[in-house]
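Worksheet: one structure, shown below.
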Number of protein chains: 2
Amino acid sequence: MLIVSRTDDQANCKVIPMSSTDPTRPLYYLLKHAQLRLGELIAAALAPHGLDGRELAVLVVLDGDELASQQQAAARLGIDRTTMVAFLDTLEDKGLVVRRPHAEDRRKNVVELTATGRDTVRAATAAADEAERQFLSQLTNPVRQQLSDALHALLR
Amino acid sequence: MLIVSRTDDQANCKVIPMSSTDPTRPLYYLLKHAQLRLGELIAAALAPHGLDGRELAVLVVLDGDELASQQQAAARLGIDRTTMVAFLDTLEDKGLVVRRPHAEDRRKNVVELTATGRDTVRAATAAADEAERQFLSQLTNPVRQQLSDALHALLR
DNA sequence: TATTGTTATACTCTATAACTATA
DNA sequence: TATAGTTATAGAGTATAACAATA
């Protein structure tokens, strides 16, 4: 299957073609399908925690550095402030974060994780890590390391 | 930047977080960003040919095996038949393909590449291959091979 | 009645523009 | 006047449902 769809959950990216007879597929195809498979594993691992990968990413950012406002968090995540509103609405409904007015500038919201939110981040991150370990378990240790090294080098 | 956006051209996939201080990023992050970078290179390489990666994928499928109908081609590409209609409208407007009624079953369309279409596929594929070569040129030959091998193993 | 291509429609995700409240 | 958060709206992309032609 040459996945072309952009938004389907199983196929949400552009693709360039592969020839199914050729045992050596284009790199873009390999990267895409590897990401797709791992993404499915991670999604399955996160589902019991009531999160998807993007929500976890938001939680991790909020759990990390002290962020003065929603907008700062949105900038860190590369999403629009209006999109951040929707994320926070969802996460607040789930009882994982709370919004409080900033002490000095009441236009701003300080977003904090609840105790449940912190527990969820911990558990969900562990689950995602485990999914990654499982995915990589098909490879020998040295090959695993080479894969990571090569990808890091490409992104340098 | 922890890219979370799903549809932005520079960031059209789900993500799980990375810690920017940690030199070892999660595999999902690495795969995603490698794909993103390569995708940009490929897009730039294809632009002079008036195509994006997905249109090239459609053309390659149409250029390959003899496909009896639009729907068969759509199935090969993992897209809906209604989406295929839109792709073919675009490609036909560009003069790269033609639709003809099937000789034996007049409900079906046989889709064929024009001479221009065939030339374009050849040139665009070469351009995409060159972009991939350029992207991989940062790696030594053995590391390149290890990357490819590891990804193939993961998708086995 | 079923199937192919097509069109109309609805849905999802996200950004832009407009509104409010603060500054 | 400018900025943070919010809401309303519009756009892109894709699927589902409905329709016409053919089998």
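Because the structure is a prediction, the values reported are computed rather than measured. Proteins get letters first, then strands, A, B, ... in listed order; numbering begins at 1 in each.
Toward the 5′ end of DNA chain D lies the nearest nucleotide of Ala68(A), the other residue of the pair Phe87(B) and Ala68(A) mapping further downstream. Both Asn109(B) and Glu104(A) lie near DNA chain C, and the one whose nearest nucleotide falls closer to the 5' end is Asn109(B). Projected onto DNA chain D by closest heavy-atom contact, Thr82(A) and Asp105(A) fall at different nucleotides, the more 5' of which corresponds to Asp105(A).
Between dT3(C) and Gln71(B), no contact under 4.0 Å exists linking OP1 or OP2 to a side-chain N or O. At dT14(C), one or more side-chain N or O atoms of Arg54(A) fall inside 4.0 Å of OP1 or OP2 (strictly under the cut-off). For Gln70(B) and dT4(C), the shortest distance from a side-chain N or O to OP1 or OP2 is not below 4.0 Å. For Arg99(B), no side-chain nitrogen or oxygen approaches OP1 or OP2 of dT4(C) to under 4.0 Å.
Here dT6(C) presents its P atom at 14 Å from NZ of Lys108(B), a figure rounded to the nearest Å. Between Leu88(B) atom CG and dT14(D) atom C1' the separation is 16 Å, expressed in whole Å. Atom CG in Leu67(B) sits about 15 Å away from atom C1' in dT4(C), given to the nearest Å. Rounded to whole angstrom, the span from the CG atom of Asp89(B) across to the P atom of dG5(C) amounts to 13 Å. Residue Arg100(A) contributes atom CZ, which lies 16 Å from atom C1' of dG5(D) at whole-angstrom precision. Distance Glu55(B) CD to dG13(D) P: 10 Å, rounded to the nearest Å. What separates NE2 of His102(B) from P of dA23(D) is a distance of 11 Å, to the nearest Å. For Leu77(B) and dG13(D), the CG to P distance is 17 Å, given to the nearest whole Å.
Between the side chains of Tyr28(A) and Gln35(B), at least one donor N or O sits under 3.5 Å from an acceptor N or O. Under 3.5 Å, the side chains of Gln145(B) and Asn141(B) contain no donor-acceptor pair of N or O atoms.
Here the options are Leu96(B), Leu62(B), Asn109(B), Asp93(B), the test is side chain to side chain contact (heavy atoms under 4.5 Å, CB included), and the partner is Leu88(B); only Leu62(B) passes.
Taking only side-chain atoms of Thr83(B), from C-beta outward, the nucleotide of dA15(C), dA2(D), dA15(D) with the closest atom is dA15(D). Nearest nucleotide to the Arg107(B) side chain, out of dA15(D), dA2(C), dA15(C): dA2(C).
Within the nucleic acid shown, Arg81(A) comes within 4.0 Å of at least one base atom, counting heavy atoms only.
Here Glu55(A) pairs with Lys94(A) in a salt bridge; the nearest charged N to carboxylate O distance falls below 4.0 Å.
Contact of Arg106(B) with dT22(D) (side chain to base): no donor-acceptor pair of N or O atoms is detected under 3.5 Å.
Atoms CG and CG, on Leu151(A) and Leu147(A) in that order, are 4.5 Å from each other to the nearest 0.5 Å.
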